[in-house]
Amino acid sequence: MKSEMDERYVTSGRARLWSTASGRGTPLLMFNGGPGCDDYLGPVAEMIDDLCEVIRFEPRGCGRSDWDGNYDIDTLLTDAEAVRQEYGAARCIVAGHSFGPSAALAYALRNPSCVMGLIGIAGGRVVNDRSWSAAYRKGLEEVGEDIGGKVFRADPDVNAQSNLSWKEYIRRPTLFREIADLHIPAIFINCDKDIRPNWPTRQLASLIPNGRYVEIAGAAHTIWLTHADELRDELRGAVREIILNA
C-alpha cells in the first residue's frame, strides 16, 4: 500500500524549498525540467511509487519555493542535497524530465557515493550546440508542444540564470572524464517525436559506462500524456534494474 503524500518545506541556506514524497522503499530524487518549472511530475511519480519513495521538490524561484534570485547550477545542486538529507536518504536513485536528467547527472557527479543510479526522461545532454537549438526552435514554431494545459509559475530569471550557469558548467575541462568514470546504471528514456533532437542523449548514454538509451515510438516530450503505458513499463524496468545492481 502506498504511503500518504508527505509535503514539507526544506531549509537550504536561507531559502525554503517546497518538497513532497510519496511511496515507500528505495528513495528516488526527482529533478524538474526547465530550468524554471514548478512541480508537474506527479503523474510520473505515481507510475513508480509502489516501488520506491519518490521525492519531488521545486527549485528556488519556482512555485512555492523562495524566489531569492539565486538560480545558478551550484545552488540547485546544494539545494537538492539538502532535500536528500531532509528525507534521510542515505543513497538514492536520481531522475528527471527534460532538463532534469542533466541536473541529476551533475548531482551524481558531485555526490557519487549517494547515488545508486540515474533515470532520464526525454532529456540529458552535456553539449551546447547551435544546430540543436535551431532544430528545437523550428520544431516549436512548426509543430508546437502539448504540455497538457500546465501553466508554470516561476521567476523569469530562473531560466536565463540557470542556462547561463549550465553553459559554464559544461565547459569544465574534466567533465567528460568525470562522466566516463561514473559507474552507475544510467537509463535514458526518450521519444522519437520530441522536437528536441535526441543525439546528445544518445552520446551521453554511450559515454557513461553502464548507460543505456531507449526510445518510445510515437511519443513526444511529455510522454505520460500520450504513451503512459509505455513510459510506465520503461520506468519500472529501470527502477528494478538499478535496485538489483545497487
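These numbers come from the heavy atoms of this one structure, side chains and all, not from hydrogens, waters or symmetry mates.
In summary, the side chains of Asn159 and Asn163 do present a donor paired with an acceptor at a separation below 3.5 Å, with no hydrogens or angles considered.
Between Glu230 atom CD and Cys191 atom SG the span is 11.0 Å, to the nearest 0.5 Å. Atom CG of Leu118 is separated from atom CG of Leu182 by 7.5 Å, given to the nearest 0.5 angstrom. Atom CZ in Phe99 sits 6.5 Å away from atom CG in Leu76 (nearest 0.5 Å). The CG atom of Leu175 sits 8.5 Å away from atom CG of Leu207, with the distance rounded to the nearest 0.5 Å. With rounding to the nearest 0.5 Å, the separation of CZ in Arg240 from CG in Leu235 is 11.0 Å. Here the CG-CZ distance, from Leu29 to Arg91, works out to 14.0 Å after rounding to the nearest 0.5 Å.
The stretch residues 25-41 participates, sequence neighbours left out, in these salt bridge (charged side-chain N to carboxylate O under 4.0 Å, His left out) pairs: Asp38-Lys150, Asp39-Arg56. For residues 42-86, the set of pairs meeting the ring pair (Phe, Tyr, Trp, His ring centres under 6.0 Å) definition, not counting sequence neighbours, comprises Phe31-Phe57. Residue pairs meeting the salt bridge (charged side-chain N to carboxylate O under 4.0 Å, His left out) criterion with at least one member in residues 126-149, sequence neighbours excluded: Glu145-Arg196. Within the structure, ring pair (Phe, Tyr, Trp, His ring centres under 6.0 Å) pairs that include any residue of residues 79-98 comprise Tyr40-His97, His97-His221, His97-Trp224 (at least two apart or interchain).
When all heavy atoms of Val54 and Ala45 are compared, the pair lying nearest together is CG1-CB, 3.6 Å. For the pair Asn32 and Pro59, the tightest heavy-atom approach, listed with the atom from each and the gap, is ND2-CD, 3.9 Å. Nearest heavy-atom pair, Ala219 versus Ile223, reported as atom, atom and distance to 0.1 Å: CB-CG2, 3.8 Å. Closest heavy-atom contact between Asp192 and Gly218: OD1-N, 2.6 Å. Nearest heavy-atom pair, Gly123 versus Thr201, reported as atom, atom and distance to 0.1 Å: O-CG2, 3.5 Å. Residue Ile184 comes nearest to Ile208 through the heavy atom pair O-CG2, 4.0 Å, listed as atom of the first residue, atom of the second, then distance.
Remark: side-chain polar atoms of Ser19 are not paired, donor with acceptor, to backbone N or O of Tyr9 under 3.5 angstrom. Side chain of Asp66 to backbone of Asp68: no donor-acceptor contact under 3.5 angstrom is found.
Through side-chain heavy atoms spaced under 4.5 Å, either directly or across other Ile, Leu, Val, Met, Phe, Trp or Tyr residues, Val143 is tied to Val127, Trp132, Tyr136, Leu140, Ile195, Trp199.
Only one option out of Ile93, Ile119, Val94, Leu41 pairs with Met30 in a side-chain contact (heavy atoms from CB on, under 4.5 Å); it is Leu41.
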For a quick test of your reading: what N or O donor-acceptor pairs under 3.5 Å do the side chains of residues 100-108 make, sequence neighbours left out?
unit_1	atom_1	unit_2	atom_2	d
Ser102	OG	Arg125	N	3.2
Ser102	OG	Arg125	O	3.3
Tyr107	OH	Glu81	OE1	2.5
Tyr107	OH	Arg84	NE	3.0

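Ion pairing between Arg64 and Glu58 holds under the 4.0 Å rule for side-chain N and carboxylate O. Remark: Asp72 does not engage Arg60 in a salt bridge, criterion side-chain N to carboxylate O under 4.0 Å.
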